[in-house]
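Structure first, commentary second.
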Number of protein chains: 2
Amino acid sequence: MNKKVPEGVISRLFIYLREISELTKMNIHTISSAELGERTNLSDAQVRKDLGYFGQFGVSGAGYNTDELKAALEKILGKDSTWNVAVVGAGHLGSALLAYPGLKERGLNIVAAFDVDARKIGKQVKDIVVQSIDELSRAIPAKKISIGIIAVPAKEAQGVADKLIKAGVECILNFAPATLIVPDNVKVKDVDLSRELETLSYFLVKREEMKK
Amino acid sequence: MNKKVPEGVISRLFIYLREISELTKMNIHTISSAELGERTNLSDAQVRKDLGYFGQFGVSGAGYNTDELKAALEKILGKDSTWNVAVVGAGHLGSALLAYPGLKERGLNIVAAFDVDARKIGKQVKDIVVQSIDELSRAIPAKKISIGIIAVPAKEAQGVADKLIKAGVECILNFAPATLIVPDNVKVKDVDLSRELETLSYFLVKREEMKK
DNA sequence: CAGACTTTGTGCCACTTTTCACAAAGAATA
DNA sequence: TATTCTTTGTGAAAAGTGGCACAAAGTCTG
Ligand SMILES: NC(=O)c1ccc[n+]([C@@H]2O[C@H](COP(=O)([O-])OP(=O)(O)OC[C@H]3O[C@@H](n4cnc5c(N)ncnc54)[C@H](O)[C@@H]3O)[C@@H](O)[C@H]2O)c1
Ligand SMILES: NC(=O)c1ccc[n+]([C@@H]2O[C@H](COP(=O)([O-])OP(=O)(O)OC[C@H]3O[C@@H](n4cnc5c(N)ncnc54)[C@H](O)[C@@H]3O)[C@@H](O)[C@H]2O)c1
């Protein structure tokens, strides 16, 4: 075993877990790969293959027991542990994240927020008080924060990333439309909302061209 | 020519365009694929191959002229046209999007916002007044909206998608953690922030395991 | 309990995407 | 202008990913 697991597989396992959780709530205790695939817009083969990376969870002729599969997925995905998260930039997007309860539910606790703007510092969202960026280097290790979220303007993003990494953060979720240069041992994930929309719009451009 | 262009290529072209635009602003008029790759965390070969889908833009021994490449990319990506966008759900995330100037700059004009909550309806963000969801079916065609953004709770998402599609929207950007079932001619892009973070956290889980 | 039926798990194949590597094109130099 | 150096553009190889298809395993029915 121990073949490399593609990142796409992990991402889909979270989708399966989300769906399976719904099912257990609805008192449905068994599901086939075909059904699970239908509910997630994926093929039955894909569902089975993804699960196959981690073992055998199904019963031939019957499908998967949702309670068992839920437990197995939670174990695989490390849902028994929680992680501390910091948000840098308490503007529109940063504030939306601070206010969002969905992260805590999934074991991702936002425990600090930082900003440079004096008007933002001291502001409270839920149980988090926005701190000065100058406190970042002390607060990150003190609060055992391993994930940083960058929600500052693009031209500030690299500087913030450097600060986060220096303070010991291991993963970064970057909302700024900028390419971050980071050491190999730091994992960055970009979420570029404009680009997502632009890519959609390209689809429309192509469709228009087709019409002609 | 006319081989199929992978979607990943398109997404990267937007990254190149962003970078090249910076360069032209900085009065840098030439760049090699190696340098552009370095600035975007991509390989030189990838840069050249991606551009190669659309023609020849470089000069052997010299690299690319940034002004020409910028113009070429804008043409390829349809940056001369603009698209009208609607946001459904004027909560935390929806409001952040309404307030964000970066979309208009890229030819994506948010021209309408909808909500069910009476307290949100009538609220103004920039030049957009939040309308009742009941007005959606009239407003979408009237304002020639082709892209819809879903920023409502997960269990409302499918219903909102159905409304948007019925009203004539061709693309959907979905922020709700839910799988949308839509006809083939509608393009959906999911942005699941929780899942992005969870995938990062899995990386930490794995790293912890390694240590042992 | 035998036979029909269902569904898993997985080897294999097809397809997509990335990387390699190098000839050809042009720039720079003297 | 000849020579050297740089960098492109692109086939061909490699790597990665998803789908097919079917034996094997288990369920269900009469
Ligand atoms: N709001 C959106 O819908 C949206 C959409 C797409 C992309 N983005 C991107 O997300 C990022 C944040 O967007 P936003 O709308 O929240 O912007 P915003 O201007 O509302 O907030 C940015 C915040 O970052 C703070 N800041 C600036 N420099 C800082 C620094 N060096 N250290 C700490 N804090 C700093 C500012 O004081 C401000 O509070 C931007 O890069 C933007 O391009 C936002
Ligand atoms: N805020 C975040 O940082 C964040 C992070 C990850 C995911 N999300 C997801 O994005 C979505 C929106 O999040 P949010 O934080 O903005 O939530 P929110 O509760 O602040 O806003 C949701 C809005 O949708 C409106 N709404 C509800 N049902 C509606 C309907 N049928 N039609 C029109 N409007 C309707 C509500 O009135 C509310 O204004 C959710 O699905 C959430 O899971 C948000």
Side-chain angles (χ1 to χ4, degrees), chain A residues 1-16 19-20 23 28-70 72-73 76 179 184 199 202-203 206, chain B residues 1-16 19-20 23 28-70 72-73 76 179 184 190 199:
Chain A
M1 84 148 268
N2 241 351
K3 37 195 163 181
K4 219 187 101 252
V5 181
E7 187 157 317
V9 173
I10 302 302
S11 186
R12 285 193 297 272
L13 290 188
F14 283 106
I15 301 182
Y16 303 147
E19 204 59 42
I20 296 285
L23 292 172
I28 295 172
H29 295 286
T30 194
I31 191 169
S32 68
S33 58
E35 246 178 302
L36 185 51
E38 203 165 329
R39 284 171 166 273
T40 54
N41 270 341
L42 296 162
S43 73
D44 57 337
Q46 178 107 73
V47 171
R48 293 198 299 276
K49 193 129 235 211
D50 286 346
L51 296 174
Y53 278 97
F54 298 92
Q56 308 188 171
F57 308 101
V59 179
S60 299
Y64 301 86
N65 176 296
T66 56
D67 303 290
E68 279 172 26
L69 187 54
K70 178 160 176 280
L73 286 173
I76 293 165
T179 305
D184 285 349
T199 309
Y202 177 78
F203 170 82
K206 276 297 285 289
Chain B
M1 78 151 267
N2 240 352
K3 36 193 164 184
K4 219 186 101 248
V5 180
E7 186 158 316
V9 172
I10 302 303
S11 185
R12 285 193 297 274
L13 290 188
F14 282 106
I15 300 182
Y16 304 146
E19 204 58 43
I20 296 284
L23 293 171
I28 295 172
H29 296 286
T30 193
I31 192 167
S32 68
S33 58
E35 244 178 302
L36 185 51
E38 204 165 328
R39 284 170 166 274
T40 53
N41 273 338
L42 297 162
S43 73
D44 57 337
Q46 178 110 73
V47 171
R48 293 199 298 278
K49 189 125 250 201
D50 286 347
L51 296 175
Y53 279 97
F54 297 92
Q56 308 188 171
F57 307 102
V59 179
S60 299
Y64 300 87
N65 176 296
T66 56
D67 303 292
E68 279 173 27
L69 186 52
K70 178 160 177 279
L73 286 173
I76 293 164
T179 304
D184 285 347
D190 292 302
T199 310

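Throughout, protein chains are lettered first and strands after them, A, B, ... in sequence-line order, and every chain is numbered starting at 1. Quick caveat: nothing in here was measured; it's all calculated off a predicted structure.
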Legend entry - Between B/Asn65 and B/His29: side-chain donor-acceptor atoms closer than 3.5 Å: no
Inset, instruction - Kindly say if B/Tyr64 contacts the phosphate of D/dT6, meaning a side-chain N or O under 4.0 Å from OP1 or OP2. - result: no
Legend entry - Distance, nearest 0.5 Å, that separates CG of B/Leu23 from CD1 of B/Ile31: 4.5 Å
Inset, instruction - Enter the distance from B/Lys49:NZ to B/Leu42:CG here, rounded to the nearest 0.5 Å. - result: 15.0 Å
Inset, instruction - Ignoring backbone atoms, test whether B/Arg12 places a side-chain nitrogen or oxygen under 4.0 Å from the OP1 or OP2 oxygen of C/dT17. - result: no
Inset, instruction - Say whether, by atom type as modelled, one donor and one acceptor occur between the side chain of B/Ser32 and the main chain of B/Gly63 under 3.5 angstrom. - result: no
Inset, instruction - Measure the distance from CG on A/Asp44 to P on C/dT8 and round it to the nearest whole Å. - result: 8 Å
Inset, instruction - Find which nucleotide of DNA chain D each of A/Ser60 and A/Val9 is nearest to by heavy atoms, and output the residue with the more 5' nucleotide. - result: A/Val9
Legend entry - Residue mapping more 5' on DNA chain D - nearest nucleotide basis, A/Pro6 or A/Ala62: A/Pro6
Legend entry - For A/Ile28 against A/Thr66, the heavy-atom pair lying closest together: O-OG1, 2.8 Å
Legend entry - Distance in angstrom units between B/Asp50 CG and C/dT16 P, rounded: 17 Å
Inset, instruction - Can you tell me the distance, in whole Å, between the OH atom of B/Tyr53 and the P atom of D/dT10? - result: 12 Å
Legend entry - Protein-nucleotide distance (B/Lys49, atom NZ; D/dA14, atom C1'), rounded to Å: 12 Å
Legend entry - Separation of C/dT7 C1' from A/Phe57 CZ (nearest whole Å): 17 Å
Inset, instruction - Calculate the interatomic distance between A/Asn65 atom CG and C/dT7 atom P; express it in whole Å. - result: 15 Å
Inset, instruction - Could you tell me whether the phosphate oxygens of C/dA25, OP1 or OP2, come under 4.0 Å of any side-chain nitrogen or oxygen in B/Gln56? - result: no
Legend entry - Contact under 4.0 Å: B/Ser33 side-chain N or O vs D/dT8 OP1/OP2: yes
Legend entry - Distance test, side-chain N/O of B/Ser43 to OP1/OP2 of C/dT19, below 4.0 Å: yes
Inset, instruction - Write down the distance between CD (A/Gln46) and P (D/dA21), rounded to a whole number of angstrom. - result: 17 Å
Legend entry - D/dA21 phosphate, OP1 or OP2, under 4.0 Å from A/Arg48 side-chain N/O: no
Legend entry - Rounded distance (Å) that lies between atom P of C/dT19 and atom CG of B/Asn41: 12 Å
